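Written below as structure tokens is the structure these notes are about.
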Amino acid sequence: MAFDNPQVDPAHPRHDWTLEEIEALFELPFSELVFRAATVHRRWFDPNEVQVSRLLSIKTGGCPENCGYCSQSQSFETGVPASRLMDIDAVLAEARAAKDGGAQRFCMGAAWRDLKDRDLPKVSAMVAGVKAMGMETCVTLGMLEPHQAVALKAAGLDYYNHNLDTSPEYYGKVVTTRNYQDRLDTLNRVHEAGLKTCCGGIVSMGETRRDRAGLLLALATLPHHPDSLPINDLMPVPGTPLGGSKSVGGIEFVRMIAVARLVCPKAVVRLSAGRDHMSRELQALCFLAGANSMFVGNVLLTTPNPELDTDAALFADLGLRPMTMDAGETVSA
Ligand code: SAM
Ligand code: DTB
Ligand code: SF4
């Protein structure tokens, strides 16, 4: 059976997607959508390889932003205490343990609105120390100025995570202390400094399917598609405005992964937050639909994630292998 929906030429990533085209992909019959996504996945990646990252909160809580999903905003009573930026040695000890546990990339997150120059030397030393261990480095520190992006690159940073999170239309319902353009500006600075971009979003925040398509439209029409594209299922945090949000459900979540794979075919799509409440079978469907990255370790920043043993068993049962090289270098012509 043929479908009159947008055809994806796997060899030529597009930057001129329209909202209507992306919505049409969401509306494909599930098996057709997953088949197309799995086909594109194979064009660019070994479908049995999954990029494995470890996440550490290097500065937790007390954030001046009011993101409605976040346990770390000082605007909400969530029981997450504010702490200071960790010491360099403590971060490097966690990084060493992550490497010993099989992580290929170490991601450090801070509950900041923006990076302050006074913290730059310490964060740079953390990046340099992790890089020296032979892991890829990623940080997520809020908004950046151009010179800060350049300094982080010089310290050995590979990736900067900065999510668009949802559609431009829904963004103001989720956070009011910054706007979409602020996010785009930082992403542009990150790319200009020669860093790889990690940029995606969250589902199950009460948004519509059109908003989910709108997020993917925003990502797929960036001048440079994200190198890493995390799709988070909301970890509902009691005390936050979105603590009672209803899940979009597993089928819609898989559709989100599949459409992300189709519109940004060369991106490493991360099955990010939310695995703790997903079955093994749902996670397997996500990998089939084009997800090829995940966080390992029993905590994300402040919320739970599956145990290492649980994930090791999942990898064994699915015949998955950790990705060993930089994903960009696995791409065949
Ligand atoms: N403060 C920086 C920022 O907002 O860019 C970096 C840390 S922030 C916690 C990183 C990302 O985590 C957010 O952009 C959001 O996508 C994700 N996130 C935060 N809380 C979440 C939650 N409860 N469920 C799912 N994802 C969440
Ligand atoms: C991303 O997209 N998800 C990660 C990482 N980038 C920084 C963060 C998930 C956080 C989940 C909520 C928490 O643990 O506090
Ligand atoms: Fe702060 Fe980031 Fe949480 Fe928003 S998502 S409140 S910016 S830590």
Side-chain angles (χ1 to χ4, degrees), residues 51 53-76 78-80 82-83 85 105-116 119 123 138-144 159-166 171 174-180 182-187 190 197-207 215 219 226-245 247-248 253 256 260 267-278 291 293-306:
Q51 191 279 324
S53 296
R54 184 88 175 221
L55 189 54
L56 176 69
S57 181
I58 59 170
K59 194 276 168 209
T60 307
C63 184
E65 302 277 62
N66 68 355
C67 312
Y69 46 80
C70 188
S71 65
Q72 303 194 71
S73 167
Q74 67 183 12
S75 304
F76 318 128
T78 63
V80 172
S83 62
L85 180 60
R105 188 179 309 161
F106 193 65
C107 307
M108 295 165 272
W112 286 328
R113 169 180 167 79
D114 48 21
L115 175 62
K116 302 287 188 289
D119 293 317
V123 174
C138 177
V139 294
T140 181
L141 313 168
M143 297 181 222
L144 284 189
Y159 288 81
Y160 196 84
N161 166 251
H162 202 63
N163 290 339
L164 290 177
D165 281 320
T166 190
Y171 202 71
V174 174
V175 50
T176 59
T177 47
R178 58 168 186 263
N179 61 39
Y180 221 67
D182 292 328
R183 294 305 259 191
L184 293 169
D185 288 347
T186 290
L187 279 172
V190 164
T197 53
C198 173
C199 183
I202 313 180
V203 305
S204 300
M205 297 199 295
E207 77 286 344
L215 166 64
L219 297 172
D227 297 289
S228 169
L229 199 169
I231 302 293
N232 297 276
D233 197 25
L234 179 71
M235 297 295 284
V237 177
T240 62
L242 294 173
S245 278
S247 167
V248 295
F253 189 83
M256 184 74 182
V268 172
V269 175
R270 181 175 298 133
L271 167 53
S272 194
R275 291 197 303 112
D276 198 56
H277 56 245
M278 292 179 194
S293 170
M294 63 195 236
F295 286 119
V296 294
N298 66 354
V299 65
L300 292 167
L301 293 173
T302 67
T303 64
N305 199 45

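Since we're looking at a predicted model, the values are computed, not measured. Just so you know, ligand 1 is whichever comes first in the structure, and atom 1 is the first atom listed for that ligand. We number each residue from 1, following the sequence as shown.
Considering only non-hydrogen protein atoms, atom 6 (C) of ligand 1 sits nearest to T140 OG1, 3.1 Å. Protein heavy atom nearest atom 6 (N) of ligand 2, with residue, atom name and distance: N161 OD1, 3.5 Å. The protein non-hydrogen atom at the shortest distance from atom 10 (C) of ligand 2 is L301 CD1, 4.0 Å. Distance from atom 9 (C) of ligand 2 to its nearest protein heavy atom, with residue and atom name: N232 OD1, 4.0 Å. Counting only heavy atoms of the protein, atom 20 (N) of ligand 1 lies nearest to Y69 CD1, 3.3 Å. In terms of protein heavy-atom proximity, atom 12 (C) of ligand 2 is nearest to T303 OG1, 3.4 Å.
Atoms of ligand 1 lying under 4.0 Å from at least one heavy atom of M235, given by number and element, are 22 (C), 23 (N), 24 (N), 25 (C). Heavy-atom contacts of P230 reach the following atoms of ligand 2: 2 (O) (cutoff under 4.0 Å). Which parts of ligand 2 touch T302 is read off a 4.0 Å heavy-atom cut-off, strictly below it: atoms 13 (C), 14 (O), 15 (O). Atoms of ligand 2 found under 4.0 Å from any heavy atom of T140 (numbered from 1 in listed order, with element): 7 (C). Close contacts between ligand 2 and S272 involve ligand atoms 1 (C), 2 (O), 3 (N) [criterion: under 4.0 Å to a heavy atom]. Close approach to N163 involves these atoms of ligand 1, each under 4.0 Å from a residue heavy atom: 11 (C), 13 (C), 14 (O), 15 (C), 16 (O). Atom numbering of ligand 1 starts at 1 in the shown order; those under 4.0 Å from a heavy atom of L301 are 9 (C). Less than 4.0 angstrom separates some heavy atom of G142 from each of these atoms of ligand 1: 2 (C). Residue A110 approaches ligand 1 through these ligand atoms, each under 4.0 Å from one of its heavy atoms: 1 (N), 2 (C), 6 (C), 7 (C). Under a 4.0 Å criterion applied to the non-hydrogen atoms of D165, ligand 1 contributes the atoms 14 (O), 15 (C), 16 (O). Close approach to Y69 involves these atoms of ligand 3, each under 4.0 Å from a residue heavy atom: 5 (S). Short contacts between ligand 3 and A111, defined as distances under 4.0 Å to a heavy atom of the residue, involve ligand atoms 8 (S). The contact set between ligand 2 and S71, taken as ligand atoms under 4.0 Å from a residue heavy atom, comprises 15 (O).
Using a 4.0 Å cut-off between heavy atoms, R178 contacts ligand 3 through its side chain alone, with no backbone atom that close. With a heavy-atom cut-off of 4.0 Å, V237 does not touch ligand 2 at all.
Only one option out of L187, D227, L184 pairs with C199 in a side chain to side chain contact (heavy atoms under 4.5 Å, CB included); it is L187. Exactly one of I202, L215, V174, T166 qualifies for a side chain to side chain contact (heavy atoms under 4.5 Å, CB included) with E207. That residue is T166.
Here atom 3 (C) of ligand 1 lies nearest to R183 when heavy atoms of R113, E65, R183 are compared. Scanning I202, V237, T240 for the heavy atom closest to atom 17 (C) of ligand 1 points to I202.
Judged by a 6.0 Å distance limit and a 45° cone about the ring axis, R275 is not positioned over the six-membered ring of F295. The side-chain tip of R105 points at the ring of Y159 from less than 6.0 angstrom away and within 45° of straight on.
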*Give the C-alpha distance, both sets of side-chain angles, the deciding distance and a yes or no for side-chain hydrogen bond (donor to acceptor under 3.5 Å, both in side chains) between T302 and S71.*
CA-CA 7 Å; T302 67; S71 65; 2.7 Å; yes

*asked:* E65 vs T177, test: side-chain hydrogen bond (donor to acceptor under 3.5 Å, both in side chains). Steps then yes/no.
replied: CA-CA 6 Å; E65 302 277 62; T177 47; 2.8 Å; yes

*With side-chain hydrogen bond (donor to acceptor under 3.5 Å, both in side chains) as the test, would you mind laying out the steps for D165 and Y69 before giving the verdict?*
CA-CA 10 Å; D165 281 320; Y69 46 80; 2.9 Å; yes

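Where the criterion is an N or O separation shorter than 3.5 Å, residue side chain and backbone included, N161 fails it with respect to ligand 1. Of the polar atoms of Q72, none of the N or O atoms is found under 3.5 Å from an N or O of ligand 2, judged by distance alone. Polar contact with ligand 1: absent for D233 (N/O pair, distance under 3.5 Å). For Q72, no nitrogen or oxygen atom sits less than 3.5 Å from a nitrogen or oxygen atom of ligand 1, counting backbone and side chain alike. Where the criterion is an N or O separation shorter than 3.5 Å, residue side chain and backbone included, L300 fails it with respect to ligand 2.
Ion pairing of D114 with K116 is present here, as a side-chain N (NZ or NE/NH1/NH2) and a carboxylate O approach within less than 4.0 Å.
In this structure the side chain of P304 reaches within 4.5 angstrom of the side chain of M235, judged on heavy atoms. You'll find the side chain of M278 reaches within 4.5 Å of the side chain of L271, heavy atoms only. By the 4.5 Å heavy-atom criterion applied to side chains, V299 and L56 are not counted as neighbours. Inter-residue side-chain proximity for R270 and S53 is flagged as met; some heavy-atom pair is nearer than 4.5 Å. Contact check for L115 versus L141: side-chain heavy atoms found under the 4.5 Å cut-off.
Residue contact check for ligand 2: G200 places no non-hydrogen atom closer than 4.0 Å to it. Not a single heavy atom of G109 lies less than 4.0 angstrom from ligand 2. Judged by the shortest distance from any of its heavy atoms, M143 lies outside the 4.0 Å radius around the atoms of ligand 1. Distances shorter than 4.0 angstrom do not occur between any heavy atom of Y69 and any atom of ligand 2.
One of the N, O or S atoms belonging to C63 lies under 2.8 Å away from atom 1 (Fe) of ligand 3. Residue contacts to atom 4 (Fe) of ligand 3: C67 brings an N, O or S atom closer than 2.8 Å.
The protein reaches atom 3 (Fe) of ligand 3 closely, with a heavy atom under 4.0 angstrom from it. Atom 1 (N) of ligand 1 lies below 4.0 Å from at least one non-hydrogen atom of the protein.
Remark: side-chain polar atoms of N232 are paired, donor with acceptor, to backbone N or O of A273 under 3.5 angstrom.
Side-chain atoms of D276 and T303 include no donor-acceptor pair closer than 3.5 Å.
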